[in-house]
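By convention in this document, chain letters (A, B, ...) are assigned in the order of the sequence lines, proteins followed by strands, and residues within each chain are numbered from 1. Basis for what follows: all heavy atoms, side chains included, without hydrogens, waters or symmetry-related copies.
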Amino acid sequence: MADLARKDADKLDEDEARAELARLADLLAKANTAYHAEDAPFISDAEYDAAKQRNARIEARFPGLKREDSPSEQVGAAPSEAFAKVRHRVKMLSLGNAFDDDDVREFDGRVRSFLGLGPDAPMTYTAEPKIDGLSLNLRYENGLLVEAATRGDGAEGENVTANARTIDDIPQRIDGAPDVLEVRGEVYMSHADFAALNERQTERGGKTFANPRNAAAGSLRQLDSRITAERPLRFFAYAWGEVSEPLADTQMSAIGRLAALGFSTNPLTATVDGPDAMIAHYEMIAEQRATLGYDIDGVVYKVNDLALQERLGFRSTTPRWATAHKFPAELAWTWLDAIDIQVGRTGALSPVARLTPVTVGGVVVSNATLHNEDYIAGRDSNGQEIRGGKDIRVGDWVQVYRAGDVIPKIADVDLDKRPGDAVPYAFPETCPDCGSEAIREPGDAVRRCTGGLICPAQAVEKLKHFVSRAAFDIEGLGAKQVEAFYHDESLPVKEPADIFTLQARDAETIAKLKNRDGWGEKSAANLFAAIDERRRIELNRVIFALGIRHVGENAANLIARHYGDWATFEAAMTEATPGDGAAWDELLNIDGVGAVMATSLVTTFHQERERASIDRLVAELDIQPVEAPSTEGSPVAGKIVVFTGTLEKMTRAEAKATAERLGAKVSGSVSAKTDLVVAGPGAGSKAKKAEELGVEMIDEDGWLALIGEA
DNA sequence: GTGCCTCGAGTTCC
DNA sequence: CTCGAGGCAC
């Protein structure tokens with residue numbers, strides 16, 4: 001009986017099967033509690049899946065033995081699917097950062113210059129503490145709370161409505177609000193509540209939390225909302241998402257409106273005029289930091305006038321009208337035990353510091369990035385000394401901080417504690433993984449392995465990139481799995497095409513897969529189904545997935561939109577030669593593609609080995625063409641627009657942003673391809689050229705009238 | 001040629 | 001999140 005757990009599920013007799021089902025039911029129940037309720041799993045996901053499958057297999061053989069508390073009847077098994085996804089109707093963006101007074105002045109300067117205002121024009125901002133918790137979007141329809149979602153990646157978060165309802169600061173219903181109102185704010189835990197919770201957890205033998213933020217995050221993400229209800233979470237409202245009618249004219253009065261509706265708003269929120277007042281408010285909050293009773297990590301400034309906020313708009317990931325002034329990072333000293341080298345997808349050799357674990361800002365840090373060769377030597381990319389020119393050596397006593405409160409870095413070295421035998425770090429000149437020469441191009445900061453596809457480290461990283469979220473995103477085939485497959489000689493997946501031939505390649509594949517830990521027939525079938533589903537895939541994802549240097553998600557979109565379908569794209573890459581020819585010029589003419597990116601693309605398609613690998617992949621796929629996004633109803637969609645002369649009612653940057661939002665392409669020079677020239681006073685050569693070419697020309701008012709109709 | 005701005009690549013820990 | 005580099009405007 002002792003080895004029951006090891007015995008093949010198909011060979012158990014009836015008594016053994018009954019005992020084994022009981023054991024598995026108990027094990028899985030405990031694992032569930034540990035995972036969900038205590039946030040401290042004691043078995044791996046793979047072990048969990050294996051136990052579940054073993055249970056299902058035995059039940060299939062002895063249906064009569066199926067228990068009333070059978071784990072196969074229980075829902076919510078897969079931890080990652082615990083919460084439903086919610087797509088935010090208005091994106092939840094992050095904020096840009098300011099680290100010192102100069103950054104704050106620069107922020108103010110950027111706001112003014114975008115709006116075309118001088119340094120003396122009045123400009124009012126709000127300033128409020130930046131709460132260190134997790135942001136939440138609350139959706140109210142007709143005054144009733146209908147949905148609460150975490151920020152997630154900004155576009156999509158998790159539905160935690162049941163848990164949010166247990167938080168006292170979050171009203172279930174509100175009176176006098178717009179029909180649709182999304183309130184945004186921060187869920188946090190106070191210092192006192194955090195300490196009491198950890199004490200309680202210790203008494204119960206449960207897991208304690210490293211800091212209030214983790215405690216708040218862990219509590220909000222409980223599957224059982226009764227547990228969340230016992231956790232003392234709080235909420236400050238500071239923003240909004242979708243609203244059916246405007247809340248107010250200014251940020252400050254909108255916050256007042258939220259307070260009037262029954263939300264907690266932070267009492268240290270105030271309006272301030274200009275950078276000096278912003279900085280003064282920051283210092284006032286910094287002085288109170290220790291006595292607030294909850295964690296804050298800085299001060300947030302927002303342009304107060306909502307009409308100006310709208311004009312300022314957004315950059316790719318952050319609003320132009322707000323920034324976060326962060327408190328200086330916490331520092332800690334520890335020993336540097338070793339320096340390891342990692343090899344990236346593009347062959348970049350990145351040094352990583354292995355540290356004696358140390359707590360920095362409530363988190364235990366054991367690794368820190370060392371960037372590159374120069375950084376270790378004590379110089380930045382311009383050859384300027386950093387850390388007072390002190391190099392970093394194995395054995396050193398080093399000061400660590402978390403840049404942006406996230407990435408561990410080394411700030412300083414204590415030379416007095418340097419061991420006598422410490423030697424300067426010798427950066428490897430060959431790849432630690434494949435032994436190929438590692439070369440640093442002149443003017444480049446990184447040293448790269450020249451092994452290309454023959455380098456196992458690069459091949460694995462390329463595969464990870466291939467299955468990543470913005471690329472193929474195959475369900476059940478993440479970074480960990482492809483790495484395991486790569487190294488499993490019985491099921492080799494050495495390049496992307498191998499993923500798609502996995503099933504067909506070998507009739508025994510399923511049998512082989514089953515030998516892997518935690519895999520059964522069902523998981524294999526699921527995997528193949530997920531892979532097959534991804535054979536139909538959009539062109540932009542394919543281009544990004546190829547992992548060509550300098551071609552990221554954004555560039556891949558631009559390129560896909562330009563060529564439209566794979567055949568056209570492939571023909572263009574094959575035909576183009578770096579430096580000249582019509583195909584090369586066409587590539588360079590794509591907005592956002594320059595010579596470096598173009599060379600990288602074209603040479604990849606001309607390298608025999610790379611090309612063969614791409615061809616093998618494409619043969620397995622059904623690549624969907626992409627169309628330029630239709631900006632319906634926009635009078636300037638797809639048009640090439642040039643702004644020239646002095647613009648009086650908007651700045652150049654503003655005009656460009658607006659035009660692009662409406663689907664127009666903004667160019668700097670007038671050519672036969674130009675559709676429209678917007679000329680302000682003082683327009684010179686460009687207006688003249690437009691006239692010669694017969695391009696339509698309008699003034700600023702004409703432009704505003706045109707887009708006003710949009 | 002210089003100076004933004006944005007993107008790409010690499011990074012850690014939960 | 002940060003840094004470096006590419007792309008592009010001035």
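Rounding to whole angstrom units, OH of residue A:Y375 and P of C:dT2 are separated by 12 Å. Between A:L546 atom CG and B:dA9 atom P the separation is 12 Å, expressed in whole Å. Regarding A:I548, its CD1 atom lies at a distance of 21 Å from the P atom of C:dA5, rounded to whole Å. Look at CD1 on A:I543: it is 13 Å from P on B:dG8, rounded to the nearest Å. Straight-line distance from the CZ atom of A:R447 to the P atom of C:dA5: 14 Å, rounded to whole Å. For the pair A:L558 CG and B:dC7 P, the computed distance is 9 Å after rounding to whole Å. Counting to the nearest Å, the C1' atom of B:dC13 and the CG atom of A:D132 are 14 Å from each other. At whole-Å resolution of the value, CD1 in A:I590 and P in C:dG6 are 18 Å apart.
Contact between the side-chain N/O atoms of A:H550 and the OP1/OP2 oxygens of C:dG6 is found at a separation under 4.0 Å. Between A:T346 and B:dG10, a side-chain N or O to OP1/OP2 separation shorter than 4.0 Å is present. Residue A:N367 places no side-chain N or O under 4.0 Å from the OP1 or OP2 atom of B:dT11.
Residue contacts for A:V446: at a heavy-atom cut-off of 4.0 Å it reaches no nucleic acid atom on any strand shown.
The distance from the CZ atom of A:R112 to the CG atom of A:L312 is 11.5 Å, given to the nearest 0.5 Å.
Scanning all heavy atoms of the two residues, the minimum distance from A:M92 to A:R151 falls at O-NE, 3.3 Å. Here the shortest heavy-atom pairing between A:V111 and A:R320 reads CG2-O, 3.8 Å.
Ranking C:dG6, C:dC1, B:dT12 by closeness to the A:N97 side chain, first place goes to C:dC1. In this structure, of B:dC14, C:dG4, C:dC1, it is B:dC14 that holds the atom nearest to the side chain of A:N214. Distances were taken from every side-chain heavy atom of A:R345 (C-beta onward) to each of B:dT11, B:dA9, B:dC13; the shortest belongs to B:dA9. Of all nucleotides listed (C:dT2, B:dC5, B:dT12), C:dT2 comes nearest to the side chain of A:K409. Considering only the side chain of A:R549, B:dA9 comes nearest among B:dC13, B:dA9, B:dG8. The side chain of A:T369 has B:dT11 as its nearest neighbour among B:dT11, C:dG4, B:dG8. Distance from the side chain of A:S350 is smallest to B:dG10 among B:dG8, B:dG10, B:dC14. Checking C:dC3, C:dG7, B:dC13 against the side-chain heavy atoms of A:V596 singles out C:dG7 as nearest. Among the nucleotides B:dC5, C:dG7, B:dG10, the one closest to the side chain of A:R110 is B:dC5. Distances were taken from every side-chain heavy atom of A:Q342 (C-beta onward) to each of B:dG10, C:dG7, B:dT11; the shortest belongs to B:dT11.
Nearest-nucleotide positions on DNA chain B place A:G547 closer to the 5' end than the other of A:G547 and A:R354.
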Tell me, with the steps shown, if A:H465 and A:F544 meet ring pair (Phe, Tyr, Trp, His ring centres under 6.0 Å).
CA-CA 9 Å; A:H465 171 80; A:F544 174 63; 4.6 Å; yes
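A salt bridge between A:R402 and A:E330 is absent, with no side-chain N of the basic residue lying under 4.0 Å from a carboxylate O of the acidic one. Between A:R213 and A:D297 there is no salt bridge, since none of the side-chain N atoms of the basic residue sits less than 4.0 Å from a carboxylate O of the acidic one.
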